[in-house]
Amino acid sequence: MATIKPFKCIRPRQDVADRVAALPYDVYNRSEAKVEVAREPLSFLKIDRAETQFDDSVDTYDSRVYDKARELLDGMIEDGIYEQDADVAYYVYEQTMDGRAQTGIVACSSVDDYLNQVIKKHENTREDKEIDRINHVDRCNAQTGPIFLAYRSNAVINEVVNRYKKTTPVYDFTSVDGIKHVVWKIADTADTTAVEEAFSAIDSIYIADGHHRAASAVKVGLKRRDENPGYMGDEEFNSFLSVLFPHDELMIMDYNRTVKDLNGLSKEEFIEKLKEHFNIIDVTAKEVKPEKKGQFTMYLDNEWYVCEINDELKAITDPVASLDVSLLQDYLLAPVLGIGDPRTDKRIDFIGGIRGLSELKKRADSDMKVSFAMYPTSIEELFDVADAGMLMPPKSTWFEPKLRSGLFIHRLS
């Protein structure tokens with residue numbers, strides 16, 4: 001059963017919260033991060049990506065970068081930009097994008113729940129990416145970027161959340177990208193107890209986004225346990241910062257593909273090979289999105305093709321093999337276009353659905369050749385894969401809006 005605890009939060013003053021809150025560190029490359037930090041000097045990105053404080057001769061992963069992150073965080077606390085809550089609390093965090101809202105609980109999740117697979121993952125992680133965040137969290141002695149978790153909607157939690165959403169928020173602002181952020185604090189003992197007990201009755205929590213941050217946070221916790229062999233289990237390093245959302249409020253966007261060439265095939269040869277497992281049901285010059293599971297659209301040489309899996313592929317029931325992204329990979333990208341390992345092959349690129357179909361067309365008309373627009377993976381499919389102890393192919397899900405870093409900080413000691 002899940003252990004989801006309230007905590008003593010370090011958070012920005014109300015008057016500067018909109019300036020401090022930042023998109024996740026991995027949304028930016030180094031040059032983009034420098035531009036953003038120059039635009040907003042209070043942005044938490046300067047701590048998440050402290051290499052922005054050095055010239056480019058200093059490596060992104062240099063030890064001095066993590067020392068600078070700690071120095072900047074301590075400085076913002078000392079300067080009163082951040083304040084320490086005196087009481088333990090949960091927070092209700094609502095984000096609204098294009099008129100659609102999702103509301104989660106900000107809390108601390110259990111390292112042991114991750115290790116025991118109460119908190120379930122659906123992606124592999126890369127060690128090099130983990131090491132960066134391990135160093136950042138350990139050196140800062142704080143978790144600053146929350147893990148995006150999902151759970152099956154719960155009536156008790158919903159009641160508490162909806163009641164607090166009728167009260168005065170502690171934050172209410174719209175970020176420069178147009179996302180509205182509203183936060184309420186749950187500190188009443190009866191309500192925090194009700195939420196904690198409701199989570200304790202939930203047997204599975206799922207990582208929606210932030211697999212590397214989660215793995216890194218857990219490894220820092222294990223490191224601290226090694227350093228403190230007499231630990232009792234209630235120390236702050238035994239948990240990690242999370243925002244937990246009910247499944248019925250989440251929307252997964254499409255994660256699309258574009259490929260450099262047709263692997264030596266002519267257009268006509270490629271189309272014939274595509275027809276072995278996929279039915280072409282329409283061809284048009286207009287941009288068109290897939291409308292249902294088992295369908296994708298393809299842009300090639302100024303035309304859009306609406307394609308569907310054939311009856312053979314519809315019979316596949318394996319939780320991973322039946323995913324649309326798996327079917328495209330296993331029956332077209334690998335055998336026809338020669339994309340054997342999409343994690344490492346330089347001939348394929350991935351484009352989040354937030355960029356729209358126009359980006360797929362633009363890429364295929366410039367540096368690539370053919371683009372594929374996918375029907376979004378569903379949250380139920382994500383749960384099914386995780387429940388089976390399996391892993392999704394890379395770039396299967398794209399969640400929007402992104403959680404902000406720097407709004408909530410969890411100190412490890």
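Please read all numbers here as calculations on a predicted model, not as lab measurements.
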Distance-only donor-acceptor check, side chains [X] and [Y], under 3.5 Å:
X    : Y    : value
N141 : R224 : yes
R225 : N238 : yes
S110 : T3   : no
D191 : Y90  : no
S371 : N256 : no

Q: Could you label the plane-to-plane angle of the F278 and F296 rings as parallel, tilted or perpendicular, counting under 30° as parallel and over 60° as perpendicular?
A: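 Perpendicular: the ring planes of F278 and F296 meet at over 60°.
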Distance, nearest 0.5 Å, that separates [atom1] of [X] from [atom2] of [Y]:
X    : Y    : atom1 : atom2 : value
F44  : R49  : CZ    : CZ    : 13.0 Å
F245 : I379 : CZ    : CD1   : 11.0 Å
I351 : R257 : CD1   : CZ    : 10.5 Å

Q | D324 and its salt bridge (Lys or Arg N to Asp or Glu O under 4.0 Å) partner, picked from K292, K314, K293 | A |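 One option only clears the test, and that one is K293.
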Q. For D85 and R411, what are the C-alpha separation, side-chain angles and deciding distance, and is it a salt bridge (charged side-chain N to carboxylate O under 4.0 Å, His left out)?
A. CA-CA 12 Å; D85 277 356; R411 266 277 164 84; over 6 Å; no
Q) How would you list all residue pairs meeting salt bridge (Lys or Arg N to Asp or Glu O under 4.0 Å) that involve residues 229-246, not counting sequence neighbours? A)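 Sorted result for residues 229-246: empty, none.
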Q. Does NZ or CZ of R133 come closer than 6.0 Å to the centre of the six-membered ring of Y25, within 45° of the ring's axis?
A.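 Pair R133/Y25 counts as cation-pi.
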Q: Just jot down the salt bridge (Lys or Arg N to Asp or Glu O under 4.0 Å) partners of K395, sequence neighbours excluded, or say none.
A: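 None.
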Q. Among V161, L244, L403, T103, which one satisfies side chain to side chain contact (heavy atoms under 4.5 Å, CB included) with Y93?
A.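 Of the listed options, the one satisfying the test is L403.
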Looking at [X], I want to see if its [atom1] is surrounded by more than 12 non-hydrogen atoms of other residues, nucleotides or ligands under 6.0 Å.
X    : atom1 : result
K362 : NZ    : no
E227 : CD    : yes
D98  : CG    : no
K180 : NZ    : yes
E312 : CD    : yes
F350 : CZ    : yes

Q: List in chain and number order the residues that pass side-chain contact (heavy atoms from CB on, under 4.5 Å) with T297, two or more places apart in sequence or in another chain; answer none if no residue qualifies.
A: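 For T297, the residues satisfying side-chain contact (heavy atoms from CB on, under 4.5 Å) (neighbours in sequence not counted) are V288, P290, W304, V306, A373.
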Q: Start with the C-alpha distance between F148 and L250, add both sets of side-chain angles, then the distance that settles side chain to side chain contact (heavy atoms under 4.5 Å, CB included), and finish with yes or no.
A: CA-CA 11 Å; F148 190 144; L250 295 178; 3.6 Å; yes
Q | Partner of S204 under side-chain hydrogen bond (donor to acceptor under 3.5 Å, both in side chains), chosen from R152, K120, Q117 | A |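 Result for side-chain hydrogen bond (donor to acceptor under 3.5 Å, both in side chains) with S204: K120.
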**Q.** Option among F383, Y206, F199 that satisfies the ring-ring contact (aromatic ring centres under 6.0 Å, His included) test with Y151
**A.**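 Only one option passes, and that is F199.
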